[in-house]
Number of protein chains: 2
Amino acid sequence: MAKVKSKVATRPKRADAQRNLDALLEAAKAVFMASGVDAPVREIATKAGVGLGTVYRHFPQRYDLVAAVLRREVDAVAAAARKASEDLEPLEALTSWLRRFTRFVATKRGLATALHSGDPAFASMPAYFEEHVGPALKSLLGEAAAAGAIRRDVDPNDLLRAVSNLSSSDEAHSQRMVALLIDGLRFGASAAPATRSKESPSDISRKLV
Amino acid sequence: MAKVKSKVATRPKRADAQRNLDALLEAAKAVFMASGVDAPVREIATKAGVGLGTVYRHFPQRYDLVAAVLRREVDAVAAAARKASEDLEPLEALTSWLRRFTRFVATKRGLATALHSGDPAFASMPAYFEEHVGPALKSLLGEAAAAGAIRRDVDPNDLLRAVSNLSSSDEAHSQRMVALLIDGLRFGASAAPATRSKESPSDISRKLV
DNA sequence: TGACAAACGGAACAACGTTCCGCATAACTG
DNA sequence: CAGTTATGCGGAACGTTGTTCCGTTTGTCA
């Protein structure tokens with residue numbers, strides 16, 4: 001069980017290949033930020049200083065490139081969840097992180113769009129979301145539930161997808177609706193074992209007119 | 001104020017033009033159902049038995065055709081809201097219609113996708129949604145609030161957009177999340193003036209594991 | 001250094017949205 | 001009913017995009 005990552009005498013990756021791959025990911029990230037995920041592949045190739053063929057060898061389909069860039073950012077958000085869990089109290093850690101996550105998705109315009117496009121290249125993305133962000137959110141939920149702040153019957157992945165879907169280009173709107181979801185979570189909270197702030201809608205959702 | 005719809009001696013629309021327009025809308029609806037909103041324009045033109053030029057005269061941009069088809073269906077859903085308001089009690093009318101609306105959006109795969117694409121041709125669609133479905137939902141909310149079943153501080157259009165965004169291809173998931181939203185609505189409900197069912201999460205959201 | 005596979009670049013292809021314009025024809029006129 | 005006109009029609013043609021293909025370059029190892 002020692003050589004799980006065996007390479008069995010296969011040649012190591014060429015240096016230029018790795019260099020181009022990095023350049024591609026970086027260029028793609030920049031272009032996606034600037035022009036959205038529908039930006040032409042040629043534009044990315046040019047920005048990365050490589051040919052079209054190079055792009056398609058590393059990423060057989062256009063969306064594979066999008067997915068690769070996305071995965072990177074997902075990892076960052078997952079890390080943020082773990083950090084919030086350490087730095088803040090349960091309910092605040094949860095709401096704070098959900099706000100951050102909402103902002104994250106809202107920023108990546110067209111990304112959620114691409115996710116829902118039904119393209120097979122994205123079939124694995126929800127799973128990736130769930131595997132990486134899910135556990136982090138699950139612990140946030142668990143801690144909040146243990147504190148009696150929210151109900152216990154909510155599946156992290158369900159909530160994750162819901163927030164993702166809620167996020168539109170209008171961030172203020174997204175935040176209000178997520179706040180409403182949070183109140184939905186608190187609705188069924190069992191009798192609090194610990195101190196429980198006066199029962200009232202969250203600050204944000206209060207701003208609803 | 002009699003001749004608001006004046007035509008001032010302009011020729012009436014040609015019969016074949018009207019015929020082709022109807023055929024186009026019908027063909028587009030069928031194709032969108034079968035292949036999604038990304039179906040090629042040529043396919044629709046062929047199915048409608050018209051040339052490409054005809055399509056683009058009636059609908060200058062591809063998305064104008066999508067929007068036209070969408071508007072038709074929106075009208076139908078708005079009508080359903082008014083009917084629910086008449087046939088059912090306030091809270092049930094609201095939840096029942098939201099369920100139907102969720103199903104509606106979930107069915108139109110790729111439609112929400114197109115809406116969020118940021119294309120200028122869709123700029124007016126949210127407004128259309130709000131103008132036609134908004135008032136209907138507003139009365140549903142108002143009646144439920146009057147009955148003390150839900151809080152009063154929720155904007156119909158906010159909720160409408162939220163539900164639209166929530167609807168993904170997985171209808172079961174969408175329904176659960178909408179149920180959660182509904183519980184969010186009920187969270188801040190003021191003291192009930194009338195009979196109030198025992199305070200508990202809605203049936204649907206109970207099924208969350 | 002020489003040989004070989006890995007990786008490269010960009011021309012070429014197919015599919016799509018959209019434009020354009022010569023031709024057909026419905027609607028009016030006498 | 002025949003003539004006139006503007007409205008509407010069809011589909012070839014253009015530009016952009018995703019993707020494929022293959023001759024050429026280049027890193028790696030003996």
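Throughout, protein chains are lettered first and strands after them, A, B, ... in sequence-line order, and every chain is numbered starting at 1. Hydrogens, waters and symmetry mates are skipped; everything else that's a heavy atom, side chains included, is used.
A:Arg100 places no side-chain N or O within donor-acceptor distance of the main-chain N or O of A:Ala81, the cut-off being under 3.5 Å. The closest donor-acceptor contact from the side chain of B:Trp97 to the backbone of B:Val77 lies under 3.5 Å. Between the side chain of A:Thr46 and the backbone N or O of A:Arg42, at least one donor-acceptor pair lies under 3.5 Å. Put simply, the side chain of B:Ser35 never gets that close to the backbone of B:Phe32: no donor and acceptor are under 3.5 Å apart.
Contact between the side-chain N/O atoms of B:Gln61 and the OP1/OP2 oxygens of C:dG17 is not found at any separation under 4.0 Å.
The interatomic distance linking A:Phe59 (CZ) with D:dG18 (C1') rounds to 16 Å, in whole Å. Atom CD of B:Glu43 and atom P of C:dC16 are 9 Å apart (whole Å). The separation between A:Lys13 atom NZ and C:dC8 atom P is 11 Å, rounded to whole Å. Here C:dC16 presents its C1' atom at 14 Å from CG of A:Asp38, a figure rounded to the nearest Å. Straight-line distance from the CZ atom of A:Arg19 to the P atom of C:dA6: 18 Å, rounded to whole Å. Distance OH (B:Tyr56) to C1' (C:dT18): 5 Å, rounded to an integer number of Å. Protein atom CG of A:Leu65 is 15 Å distant from nucleotide atom C1' of D:dT17, rounded to whole Å. One can place CG of B:Asp64 at 11 Å from P of C:dT19, the figure rounded to the nearest angstrom.
No salt bridge links A:Asp155 with B:Arg176; every basic N to acidic carboxylate O contact stays at or beyond 4.0 Å.
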Please write out each protein N/O paired with an N/O of nucleotides 9-16 of chain D under 3.5 Å, distance rounded to 0.1 Å.
unit_1	atom_1	unit_2	atom_2	d
D:dC9	OP1	B:Asn20	ND2	2.4
D:dC9	OP2	B:Arg57	NH1	2.6
D:dG10	OP2	B:Gly51	N	2.8
D:dG10	OP2	B:Thr54	OG1	2.6
D:dG11	N7	B:Leu52	N	3.4
D:dG11	N7	B:Gly53	N	3.3
D:dG11	O6	B:Gly53	N	2.9
D:dA13	N6	B:Arg42	NH2	3.3

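Defined by atom type and a distance below 3.5 Å, a donor-acceptor pair is present between the side-chain atoms of B:Tyr128 and B:Asp75.
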